[in-house]
Undergrad: 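Below is the structure I would like to discuss, written out as structure tokens.
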Amino acid sequence: MFRSSVALIVLSLVGCGRQSASPKAPAVDHSSHQEHATPPDDHAGHQGMAGMTGMAASAKFVVDSGGDDLKHGESTTLRFHLERDGKTLREFVLLHERVMHFIVVRDALDEFQHLHPTVADDGLAKVEIAFPTPGKYWLFVDCQAKGEGQQTVRHEMRVAGDSPAVAELKANVPVVVTEAKTKTEVSVQRGEGEWLVTFAHRDLAGKALADLEPYLGAMGHLVVIGAATGEYVHAHAETQSAPDGRVKFAAHIAQPGIYKAWGQFQRNGRVFTVPAVLEVD
Ligand SMILES: [Cu+2]
């Protein structure tokens, strides 16, 4: 069901910025839509690569230890590094306050984790990770090695055992997702060459939230992954504040289909994740 060749092509593109949106818009979008988070020069640099197939192939993900005999429900220390042309990438520019953002999903898109590995001076990265259920997992590392553009490096891992059956994903937006302390209405709208995904947060009594806090340098982070294609998009909130509890993202989704989306936000020092399923055409 998953066409890995498509995903690999998609992931070899690195894109940035709204202006790059087009039918050939880059599918990997760890761009910032906030002015402060990515220096303008840097931003401009990515524009040049956007949409150019074959440019900016992502680095290679190499597992050093902790990747074998994975058992579900047990935590493992995964050690890995990123390599280009046989050389370990050692230095990374901070992106949204971290050297690496590490997204882990099961291929059925029913599991989602957003972790932050540490990276030593020699480029060796380390992350503590637990896989809740057996099955195939996709790992996505968003980073920017010094001297390179932002990139998403992808890797797959298998956790032994019978994968639990999961119902086929069906689009459910607009939808209200109730968390422990919030009710969030998720909606999606077609923009110009992009999809606008809005999360309107309220408290359980229905009052718009006025106390969202920045999470890793943005009012929200959005990860969107294609159910059939594995296409991966990471976008950041359009605005620096959200006094009315509404957080909007522009996601450059290249291929039609069903996508699982996870919005992440912070309130009272606690990060919460709001899932939804979108269909784009
Ligand atoms: Cu992150």
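Keep in mind that the numbers below use all heavy atoms, side chains included, and drop hydrogens, waters and symmetry copies. Numbers for residues simply follow the sequence, beginning at 1. First listed ligand is number 1; within each ligand, the first listed atom is number 1.
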Undergrad: In terms of hydrophobic clusters joined by side-chain contacts under 4.5 Å, are V197 and V175 together?
TA: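 Same cluster: V197 reaches V175 through Ile, Leu, Val, Met, Phe, Trp or Tyr contacts under 4.5 Å.
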Undergrad: Answer yes or no: is there an ion pair linking E156 with K136, defined by an N-O contact shorter than 4.0 Å?
TA: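 So E156 pairs with K136 through a salt bridge.
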Undergrad: Are V99 and V127 in one and the same hydrophobic cluster, where Ile, Leu, Val, Met, Phe, Trp and Tyr link if side-chain heavy atoms are under 4.5 Å apart?
TA: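 V99 and V127: one cluster.
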Undergrad: Nearest 0.5 Å, what's the NZ-CG distance between K126 and D64?
TA: 12.5 Å
Undergrad: Check whether any N, O or S atom of H221, backbone or side chain, sits closer than 2.8 Å to the Cu ion (ligand 1).
TA: no
Undergrad: Is H116 close enough to the Cu ion (ligand 1) to have an N, O or S atom under 2.8 Å?
TA: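 True for H116.
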Undergrad: Report the atom name of the nearest N/O/S atom of H101 relative to the Cu ion (ligand 1).
TA: ND1
